[in-house]
Amino acid sequence: MKPLVKYDNELNMIAFKAMTQVENNVFFALLHKLRDKGTKEVVLDFTELKRLIGFESQSNEYIIKSIQGIAKKIAQSVVRYETDEVIKFFTLFQVLEVPKHNEAYIRAKISETFAYLINDLKQAFTVFEIAEFSALSSRYTQTLYRLLKQFRSTGYLKLEWSRFIDLMDIPHSYEMRDINKQILKPALKELGENQTLFNATNPIFKNLKMNKIRGRGRGRPVTDIEFTFKPETTDNKATQEKKTKKQLEKERKEQEFREQFYTKKFSLDNLVHTCLNVYKQDDKYLLETEYYNKGLIRKNIKFDNLEQIKKLIKDYEKNNQVKDRPG
DNA sequence: TATCCTACTATGGGATTCAT
DNA sequence: ATGAATCCCATAGTAGGATA
């Protein structure tokens, strides 16, 4: 069986900025190596890296540099959590050691806080072949690849445009034409067309299509982007029972349900909340929000029904319009 | 109300600059 | 040298505002 990377979907939502294509490879190879190791320390050496991700064309020097680069970025990528009382800082990994010369290895362990992202995964995980991932030609294609892999069972991904830009780590200087030309076109070609090198017959995502959704207003700017492709079936015979269209539709609905309030704002107790996620809990709804009050704070708020949330958002939007007329 | 004008964004081709 | 980022040019379609 080919080496796989497998991790909790939540990791896909932590956007790692400014990773190069090779740094991505090292990062996910490390993730592969660390999986189901608890919080134990591991060493990923050159031989294994090479086996996992190739490295045919690059010089040793370049590889060492990439490893140092990834170590630095991991160490600097601080995740910050705030409660009312304290601020906590975490890094995803603790990188314990990388060599300075002539060798290429990385010694690391996962932080206790994030151990759940790669240990004992039972559901809501992303999984893909690391070799396939590493062979992709650009970091943008790689990111789109793993986002699509997250939705491998439904074959449907829809993102708000600004969030897409954020997750894909697309420079703000890129305009639509640059994104089309440099990112979307090459990525769709690479992910959706037949592969000649490794996979002579099958594209990575069958029947992959992209659709931009344009909103209202002058120029009708793009508000959302969606991707559809033929859902994957699992290799596992036991879980291979085919999903009916109804089930797929249900999953799709569930995703849309979770996304419906994302980034919407409302005001509560004189604080402006930004919606992140909504969950159903018994017959109530839990809304995860973020707001500033001497720092960024996350909170779960309970509602009896969705209409209450919608009303709050509507009220906020009404009060914060610059100029508009009904109709 | 119907029509015209303008502002705005998308799209595609191509060229140039930048960093490694 | 190579790919990524930036920029220039030109065309098309539509919404919103202005005008008649």
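Throughout, a chain's letter reflects where its sequence line sits, starting with A, and its residues are numbered from 1. Side chains are part of it too, since the values below use all heavy atoms of this structure and drop only hydrogens, waters and symmetry mates.
Ring pair A/F227/A/F205: centre-to-centre distance not below 6.0 Å.
By the ring-ring contact (aromatic ring centres under 6.0 Å, His included) test, A/F93 is found to be paired with A/F27, residues two or more places apart in sequence or in another chain being considered. Residues forming a salt bridge (charged side-chain N to carboxylate O under 4.0 Å, His left out) with A/E175 (at least two apart in sequence, or on another chain): A/R177. Residues forming a side chain to side chain contact (heavy atoms under 4.5 Å, CB included) with A/K280 (at least two apart in sequence, or on another chain): A/Y285. In this view, A/A108 and A/L30 satisfy the side chain to side chain contact (heavy atoms under 4.5 Å, CB included) rule, not counting sequence neighbours. Qualifying salt bridge (charged side-chain N to carboxylate O under 4.0 Å, His left out) partners for A/E112, counting only residues two or more places apart in sequence or in other chains: none. With sequence neighbours excluded, the residues satisfying side chain to side chain contact (heavy atoms under 4.5 Å, CB included) with A/D304 are A/K284, A/Q308.
Applying the salt bridge (Lys or Arg N to Asp or Glu O under 4.0 Å) definition to pairs two or more places apart or across chains, those involving residues 26-38 of chain A are A/K33-A/E48.
The other residues sharing a hydrophobic cluster with A/Y279 are A/L286, where clustering joins ILVMFWY side chains under 4.5 Å apart.
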Polar atom pairs between nucleotides 17-20 of chain B and protein, under 3.5 Å, N or O only, would you list them?
none

Write out a two-atom table: protein N or O, nucleotide N or O from nucleotides 7-10 of chain C, distance below 3.5 Å.
unit_1	atom_1	unit_2	atom_2	d
C/dC7	N4	A/D178	OD1	2.9
C/dC8	N4	A/R177	NH1	3.0

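For A/L184 and B/dG12, the CG to P distance is 11 Å, given to the nearest whole Å. Between the CG atom of A/L188 and the P atom of B/dT11 there is a distance of 12 Å, rounded to whole Å. In this structure, CD1 of A/I179 is placed 10 Å from P of B/dT11, rounded to the nearest angstrom. Between the CG atom of A/L136 and the P atom of C/dA4 there is a distance of 13 Å, rounded to whole Å.
Sorted by residue number, the members of residues 215-225 of chain A with any non-hydrogen atom under 4.0 Å from DNA chain B read A/R218, A/G219, A/P221, A/V222.
In this structure, A/E175 reaches neither bases nor backbone, as no heavy-atom distance under 4.0 Å exists between it and the strands shown.
For A/K6 and A/F125, the positive end sits near the middle of the six-membered ring, less than 6.0 Å away and at most 45° from its axis. By the 6.0 Å and 45° rule, A/K310 does not stack over the aromatic ring of A/F266.
Of the side-chain N and O atoms in A/Y140, one or more sit less than 4.0 angstrom from OP1 or OP2 of C/dA5.
Remark: the backbone N or O of A/L136 is paired with a side-chain donor or acceptor of A/Q21 at under 3.5 angstrom.
Using modelled atom types, one finds no donor on one side chain facing an acceptor on the other under 3.5 Å when comparing A/N300 with A/K302.
The rotation axes computed at either terminus of the helix from B/dT1-C/dA20 to B/dT20-C/dA1 lie 20° apart, taking five pairs at each end and rounding to 10 degrees.
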